[in-house]
Amino acid sequence: MKHYLVGGAVRDRLLGLPVVDRDWVVVGSTPADMLQAGFRSVGKDFPVFLHPDSHEEYALARVERKTGPGYHGFEFTTDSSVTLEEDLSRRDLTINAIAQRDDGELVDPYNGKEDIENRVLRHVSDAFVEDPVRILRVARFMARFRHLGFTIAEETLELMRSMVRDGETDNLVAERVWQEMSGALKARSPDAFFSALRDCHALVVVLPEVDALFGVPQPARWHPEIDSGIHTLMVLQQASLASGELDVRFAAVCHDLGKATTPAEILPSHHGHEKRGAALSEGLCERLRVPRKTRDLAVLTARWHTHSHRSRELTPSKLATFLQAMDVVRKPERFEQYLLVCEADARGRLGHDGTDYPQAAFLRGVAEVFRQVDSAAIARATPDKTTIPERIREARVLAIGDYLNRGSGAGARD
């Protein structure tokens, strides 16, 4: 029985990055041998074991054969005759196909160390085409490593394009798409994930709502970058600088989806894109089974983001309607996330990355006044209980109006 450190631990050490998890491959062993040595079996699809002391994962060396479409269409062989080189050959990228012996010596049959030095993501073999999830993984690695100068090898990019042409990406399941996308959204350069998918023509299959934004014009007065897709990636960049939270970054991706469905005759204006965008965000989240909390922020931001931008122009009545829809009393943290996305939207324009966003402070003040209205006291003092919501709303509108008149700088209007 021989064991080797493999995968991300070896790659990240060579990149000078912190090693978080360590995975091992075992050559010349069987499941019975592993159990007898005290390892605990945890693998579902193929033999993986936990070390009795370190609890790190040790997988038996394996080779695989394509038997059907999609991620699950594989048959695995894990007998003791499988070599280390055979196991490494099934991996996706050369930078992930490096093993390390106990003495630190590398086993690198596919020149992964050279590709790490040259900052290239390159497929190990043509077997890459057998698993469509690998397209998503390459895009996610771009999100993780673009800041280090990584690019996708041209031959790998062309292989990915051929997979899209052959319909392999049609077999991607929602759970894996969201798993890879959410991982990319939490990475250093999440916009690189979407750019990589677009470069290999997979974005239109995986996220057609986002792909449709590219080529859609916006008014140059407000958007010097013109293109709605480019603007969306710029907003995602700004949101990533402001927050590491998945929900904030995903809402940035979804905030302008409605612009892709603007009638051609009114372009480059986008009247009504907020409601259309909320509906599109809802549909995207349902298809990918996005968690409810993440979905809610994305849908609300798509629907109400322009209210933040023009908040100083809104009447007390419209401000109250907006804040009620945002549920600022019960969800103050979500409202702060919303404001982060709106600020990123304002800054995600060509030449505007340093723009001040006073609307955020203004809305925080209005929201605090909204929250301070004692709805319980109003409910107790209202004889006709059916009118309680109306009485509370009236009190909030009056409170907002008083706040504006006291010198918030907006001026109250009925």
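All values derive from a computational prediction rather than experimental measurement.
- Using a distance-only test at 3.5 Å, with no hydrogens or angles considered, a donor-acceptor pair links the side chain of T321 to the main chain of S317.
- Other residues, nucleotides and ligands contribute at most 12 non-hydrogen atoms within 6.0 Å of the CZ atom of R40.
- Closest approach of I152 and A196 over heavy atoms only: CD1-CB, 4.1 Å.
- Annotation: the span from T169 atom OG1 to L203 atom CG amounts to 11.0 Å, rounded to 0.5 Å.
- Panel note: side chain D108, backbone N111; a donor-acceptor pair is recorded below 3.5 Å.
- Atom CD1 of I135 sits about 14.5 Å away from atom CZ of R140, to the nearest 0.5 Å.
- At least one donor-acceptor pair closer than 3.5 Å links the side chain of R334 to the backbone N or O of M326.
- In this structure, R22 does not pair ionically with D12, as no charged nitrogen and carboxylate oxygen lie closer than 4.0 Å.
- Classification of the F322-W304 ring pair by plane angle, with boundaries at 30° and 60°, yields tilted.
- No hydrogens or angles considered: a donor-acceptor pair under 3.5 Å links the side chains of H309 and Y357.
- The pair E390-R393 does not meet the salt-bridge criterion, since no charged nitrogen lies less than 4.0 angstrom from a carboxylate oxygen.
- In this structure, R176 pairs ionically with E180, as a charged nitrogen and a carboxylate oxygen lie closer than 4.0 Å.
- Here L323 contributes atom CG and S311 contributes atom OG; the two are 9.5 Å apart, rounded to the nearest 0.5 Å.
- When atom types are taken as modelled, the side chain of H352 and the backbone of R349 share no donor-acceptor pair closer than 3.5 angstrom.
- Here the side chains of H231 and D345 are in contact, with some heavy-atom distance below 4.5 Å.
- At a cut-off of 3.5 Å, with distance as the only test, no side-chain donor of Y58 or S29 sits close to an acceptor on the other residue.
- Residue R119 qualifies as enclosed at atom CZ: its count of foreign heavy atoms under 6.0 Å is above 12.
- T156 and H123 share a donor-acceptor pair across their side chains, judged by distance under 3.5 Å alone.
- The shortest distance between side-chain heavy atoms of L121 and D115 does not fall below 4.5 Å.
- Cation-pi check for R396 over F370 is met; the charged atom lies under 6.0 angstrom from the ring centroid and within 45 degrees of its normal.
- A donor-acceptor pair is defined here as one N or O able to donate and one able to accept, closer than 3.5 Å; no such pair exists between the side chain of E225 and the backbone of I230.
- With rounding to the nearest 0.5 Å, the separation of CG in L288 from CD in Q179 is 12.5 Å.
- Note that R198 lies in the cation-pi zone of F214, set by a 6.0 Å cut-off to the ring centre and a 45° limit from the axis.
- Side chain to side chain, T294 and D247 meet the donor-acceptor criterion of an N or O pair below 3.5 Å.
- Across S228 and P217, no two heavy atoms sit closer than the pair OG-O, 4.3 Å.
- Electrostatic pairing of D92 and R137 counts as a salt bridge here, judged by a charged N lying under 4.0 Å from a carboxylate O.
- Taking the charged nitrogens against the carboxylate oxygens, D296 and R292 do have a contact shorter than 4.0 Å, which makes a salt bridge.
- The distance between the ring centers of W178 and F250 falls below 6.0 angstrom.
- The closest side-chain heavy-atom distance from V82 to V27 is not below 4.5 Å.
- Note that the CG atom of L236 and the CG atom of L185 stand 6.5 Å from one another [nearest 0.5 Å].
- Residues F145 and L15 are in side-chain contact: their nearest non-hydrogen atoms beyond the backbone lie under 4.5 Å apart.
- Across every non-hydrogen atom of A37 and P52, the tightest pair is O-CG, 4.3 Å.
- Residues T355 and R347 have side chains that never bring a donor and an acceptor to within less than 3.5 angstrom of each other.
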Candidate pair T306 and E274, rule side chain to side chain donor-acceptor pair (under 3.5 Å), full reasoning: CA-CA 8 Å; T306 57; E274 301 91 345; 2.8 Å; yes

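- Judged by distance alone, the side chain of N405 and the main-chain N or O of G401 form a donor-acceptor pair under 3.5 Å.
- Between the side chain of D227 and the backbone N or O of G229 there is at least one donor-acceptor pair closer than 3.5 Å.
- No side-chain donor-acceptor contact under 3.5 Å links R13 to the backbone of V19.
- Looking at R287 and E209, a side-chain N of the basic residue comes within less than 4.0 Å of a carboxylate O on the acidic one, giving a salt bridge.
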What verdict does the side chain to side chain donor-acceptor pair (under 3.5 Å) test give for H273 and T262, after you've listed the backbone C-alpha separation in whole Å, the side-chain angles of each residue and the deciding distance to 0.1 Å? CA-CA 7 Å; H273 78 278; T262 297; over 6 Å; no

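- A side-chain contact (heavy atoms from CB on, under 4.5 Å) with R91 holds for exactly one of I95, D87, T94, L93; it is D87.
- Residue F39 forms a ring pair (Phe, Tyr, Trp, His ring centres under 6.0 Å) with just one option from H51, H55, H3, and that option is H51.
- The residues E245 and R249 are annotated as not salt-bridged, no charged nitrogen and carboxylate oxygen being separated by less than 4.0 angstrom.
- Here NE2 of H255 is found 6.0 Å from NZ of K259. Values are rounded to the nearest 0.5 Å.
- Contact check on R90 versus E86 returns no salt bridge, with no Lys/Arg side-chain nitrogen under 4.0 Å from an Asp/Glu carboxylate oxygen.
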Between W24 and E56, is a side chain to side chain donor-acceptor pair (under 3.5 Å) present by the stated rule, with each step listed? CA-CA 8 Å; W24 304 81; E56 292 175 336; 2.8 Å; yes

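- The 12-atom threshold is not exceeded at CD of E286, counting heavy atoms of other residues, nucleotides or ligands nearer than 6.0 Å.
- Figure legend: cation-pi geometry between R312 and F362, with NZ or CZ positioned under 6.0 Å from the six-membered ring centre and within 45° of its axis.
- Of the possible polar contacts, none joining the D356 side chain to the P358 backbone as a donor-acceptor pair under 3.5 Å is found.
- The residues R310 and E313 are annotated as not salt-bridged, no charged nitrogen and carboxylate oxygen being separated by less than 4.0 angstrom.
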Which is it for L106 and L14 under the side-chain contact (heavy atoms from CB on, under 4.5 Å) test, yes or no, and what are the steps along the way? CA-CA 11 Å; L106 297 180; L14 291 172; 4.2 Å; yes

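- Side-chain atoms of S308 never come within 3.5 Å of backbone atoms of H305 as a donor-acceptor pair (strictly under, hydrogens ignored).
- Residues V10 and L5 approach most closely at CG2-O, 3.4 Å, considering heavy atoms.
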